[in-house]
Enquirer: 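Starting off with a structure, shown below.
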There are 2 protein chains.
Amino acid sequence: MPGPIQSLSRAAAILRLLAGGERRLGLSEVAASLDLAKGTAHGILRTLQQEGFVEQDAESGKYQLGAELLRLGQSYLDVHELRARALVWADDLARASGETVYLGVLHQRGVLIVHHVFRPDDTRQVLEVGSMQPLHSTALGKVLLAYDPVARGELGDGPLESYTTRTLTELSDVDAECALIRERGWADAVEETWEGVASIGALIQDRRRNPVGAVCISGAVETVCEDGFVKPSLVASVRSAARAISRDLGAGRF
Amino acid sequence: MPGPIQSLSRAAAILRLLAGGERRLGLSEVAASLDLAKGTAHGILRTLQQEGFVEQDAESGKYQLGAELLRLGQSYLDVHELRARALVWADDLARASGETVYLGVLHQRGVLIVHHVFRPDDTRQVLEVGSMQPLHSTALGKVLLAYDPVARGELGDGPLESYTTRTLTELSDVDAECALIRERGWADAVEETWEGVASIGALIQDRRRNPVGAVCISGAVETVCEDGFVKPSLVASVRSAARAISRDLGAGRF
DNA sequence: CCTTGCGGTCGACAATGTCGACCATCAGTC
DNA sequence: GACTGATGGTCGACATTGTCGACCGCAAGG
């Protein structure tokens, strides 16, 4: 495979840099962070700016991400076939289970949330579409790890970050857990990322049985678990939703 | 100002092209649409793909937008100062008015929705964050047209699209309306874009009085209007919310 | 079995993006 | 108020880099 286009890779790196840092970044900071000449960084930023991917604060001169990214991100969702077919099933699942529903796909080293149905009570909740969750400590992530070799590859050999005392941080433990998940066909994660939160996830596959994403429900330990284990009835609901979505995807082409 | 970076502009054009067309596009289609050599288009696509901005359907070989865009779009929202400060006020406004609340900023030739609070009843609604609304036929758009010279400039001299029989399609009419809006300090749009929908909007400005966005409420004509005019009490709510957000923004720096 | 379309590769060429010195401006400071 | 040290931004020479169009292999369709 021939090499990538240098200026484009650099532009992408700049966007990621701006996305990462909380605050706006100055030209010099950007150039220094990526080891570019100021002139070069400026040229890229100027172009990104006039394309709308980056905006410049009028008075400080510093740069931040631009509105066009939001628009394109929305377009991504519009085209996303998995999401489109899952919308109605996710709704049903939320209603049936009374819990929050997430739909996620593998993206880089994590799970990208592409759909989110609020828990059907009236508590205030923030939409998490577009945010990322870790692979090794969430139901969505562990499902993907268990079934998608690419996801397992992303884990590499690096140390796994620990979020709570129940987070699995040893690769061998994760692999054992994945074997279990494959055997029984679903994953759970009880207080492995957030205290008090438990979730149950299952795989979504396309017509050729390739893993393409995962659904999960997520809620308070008290409502999702019973006697220290996740409720079998909820597991059944999640698995049935996952099967329904997979079937729907499979039918997509005919 | 020196020229933009060619490859970057082209990459942006490809992304916009992919965002525009509903379906996935093949390499040749992309190359033809933008009048590029196939090799060139391929190089750009390849780079965009490995950066995650574009994905390729494994079996058809066609391209579509990538997940990274969703993630970056979300990051844009996270950094967005106007949105951050407006969140709580928008919530209050929705509760007080009982209607849907939108928060929009000028982007290219339209209004980009950066925040959306659902109407506080239980009807099913879809999140419109990231989508665009026309300038000349919505309350948000007309507010920006009235106060932001850049917005007025975007209108150019082109013919204005008509959505309903009440859409203003003559530039002179729009300008007259804008004068009125400036005079009284708020805008409305009753069935100018969607039949049965009325909205009321007001300007948000930063500490230096620059227009930075607009808030509006939007709902059924029957609940927003009375005797053929928008209800004064709703106008008051919207204007008060807009002032609150502006004040909040102004205080941001101190 | 040839044709026609597809996505993808290759290598020569020169247009293109890159680099680093340079400029203008502002804020702080002695 | 001139100095200092930041900043964002410009410029033009250079050669790296992206571009182009011919070419490849494959699959579908006549």
Side-chain angles (χ1 to χ4, degrees), chain A residues 1-18 21-66 79 207-208 210 253-254, chain B residues 1-18 21-66 79 207-208 210 253-254:
Chain A
M1 172 158 56
I5 291 178
Q6 187 188 50
S7 55
L8 258 182
S9 299
R10 288 173 165 178
I14 289 183
L15 289 178
R16 270 193 295 271
L17 182 68
L18 290 174
E22 288 304 304
R23 66 187 205 297
R24 293 186 258 257
L25 260 45
L27 170 62
S28 304
E29 294 176 278
V30 171
S33 299
L34 299 173
D35 211 30
L36 296 176
K38 261 195 311 182
T40 305
H42 179 62
I44 296 174
L45 280 168
R46 187 192 331 117
T47 308
L48 287 174
Q49 182 182 10
Q50 75 188 37
E51 299 291 348
F53 290 88
V54 147
E55 290 168 6
Q56 186 174 26
D57 186 53
E59 72 188 273
S60 70
K62 295 189 184 303
Y63 295 91
Q64 64 173 72
L65 294 183
V79 181
R207 77 206 75 85
R208 290 186 326 206
N210 292 121
R253 288 305 174 101
F254 303 108
Chain B
M1 170 158 59
I5 290 178
Q6 189 187 49
S7 54
L8 258 181
S9 299
R10 288 173 167 180
I14 289 183
L15 289 178
R16 271 193 295 270
L17 182 68
L18 289 175
E22 289 303 303
R23 66 188 205 296
R24 295 187 256 256
L25 259 44
L27 170 62
S28 304
E29 295 175 278
V30 171
S33 300
L34 299 173
D35 210 31
L36 296 176
K38 259 196 313 184
T40 304
H42 178 63
I44 296 174
L45 280 169
R46 186 193 330 120
T47 308
L48 287 175
Q49 182 182 9
Q50 74 187 38
E51 298 292 349
F53 290 88
V54 147
E55 289 168 5
Q56 187 174 25
D57 187 53
E59 70 188 275
S60 71
K62 295 190 184 301
Y63 295 91
Q64 64 174 70
L65 294 182
V79 181
R207 76 205 75 85
R208 289 187 326 206
N210 292 120
R253 289 305 173 102
F254 305 109

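Every chain is numbered from 1 and lettered A, B, ... according to where its sequence line falls, protein lines coming before strand lines.
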Enquirer: Between B:L15 and A:E51, is any pair of side-chain heavy atoms under 4.5 Å apart?
Expert: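 Heavy-atom side-chain distance check fails, nothing below 4.5 Å.
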
Enquirer: Heavy atoms under 4.0 Å, any strand shown: does B:E29 hit a base, just sugar-phosphate, or nothing?
Expert: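 No contact.
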
Enquirer: What integer distance in Å separates A:D57:CG from D:dG9:P?
Expert: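 About 11 Å, once rounded to whole Å.
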
Enquirer: How far does OG1 of A:T47 sit from CG of B:L8, to the nearest 0.5 angstrom?
Expert: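 One gets 5.5 Å once the value is rounded to the nearest 0.5 Å.
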
Enquirer: For nucleotides 17-19 of chain D, give me every protein contact, N/O to N/O, under 3.5 Å, one pair per line with atom names.
Expert:
unit_1, atom_1, unit_2, atom_2, d
D:dT17, OP1, A:Q6, NE2, 3.0
D:dG18, OP1, A:Q6, N, 2.4
D:dG18, OP1, A:S7, N, 3.0
D:dG18, OP2, A:Q6, N, 3.4
D:dT19, O5', B:R10, NH1, 3.4

Enquirer: How many angstroms lie between atom NE2 of B:H42 and atom CG of B:L36, to the nearest 0.5 angstrom?
Expert: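 The NE2 atom of B:H42 sits 13.5 Å away from the CG atom of B:L36.
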
Enquirer: Taking 4.0 Å as the cut-off, does a side-chain nitrogen or oxygen of A:H42 come that near to OP1 or OP2 on D:dG9?
Expert: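 For A:H42, the contact criterion (side-chain N or O under 4.0 Å from OP1 or OP2 of D:dG9) is met.
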
Enquirer: Does B:Y63 put a side-chain nitrogen or oxygen below 4.0 Å from OP1 or OP2 of C:dC6?
Expert: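 Answer is no, no contact under 4.0 Å.
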
Enquirer: Does B:L65 reach the side chain of A:V79, with side-chain heavy atoms less than 4.5 Å apart?
Expert: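 No, too far: nothing below the 4.5 Å cut-off.
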
Enquirer: Grab the CG-P distance between A:L25 and D:dA6 for me, whole Å please.
Expert: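 That distance rounds to 18 Å.
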
Enquirer: A:Q64 CD to D:dG8 P: how many Å, rounded?
Expert: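 Distance check: A:Q64 CD to D:dG8 P gives 15 Å.
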
Enquirer: Want to settle it: does A:K62 or B:D35 sit nearer the 5' end of DNA chain D, counting the closest nucleotide to each?
Expert: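 Residue closer to the 5' terminus by nearest nucleotide: A:K62.
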
Enquirer: Let's test your reading of the model: under 3.5 Å, does the base of D:dG9 pair with the side chain of A:K38 as donor and acceptor?
Expert: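 Indeed, a donor on one side and an acceptor on the other fall under 3.5 Å apart.
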
Enquirer: To the nearest 0.5 Å, how far apart are CZ in A:R46 and CG in A:L27?
Expert: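 Rounded to the nearest 0.5 Å, the CZ-CG separation comes to 10.5 Å.
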
Enquirer: Can you name the side chain to side chain contact (heavy atoms under 4.5 Å, CB included) partners of A:E29, sequence neighbours left out?
Expert: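 Residues passing side chain to side chain contact (heavy atoms under 4.5 Å, CB included) with A:E29: A:R23, A:L25, A:K62.
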
Enquirer: Return the value, rounded to whole Å, for the distance between atom CG of A:L45 and atom P of C:dC19.
Expert: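 Rounded to whole Å, this separation is 14 Å.
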
Enquirer: Establish, with yes or no, whether the OP1 or OP2 oxygen of C:dG5 is under 4.0 angstrom from a side-chain nitrogen or oxygen of B:S28.
Expert: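 No.
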
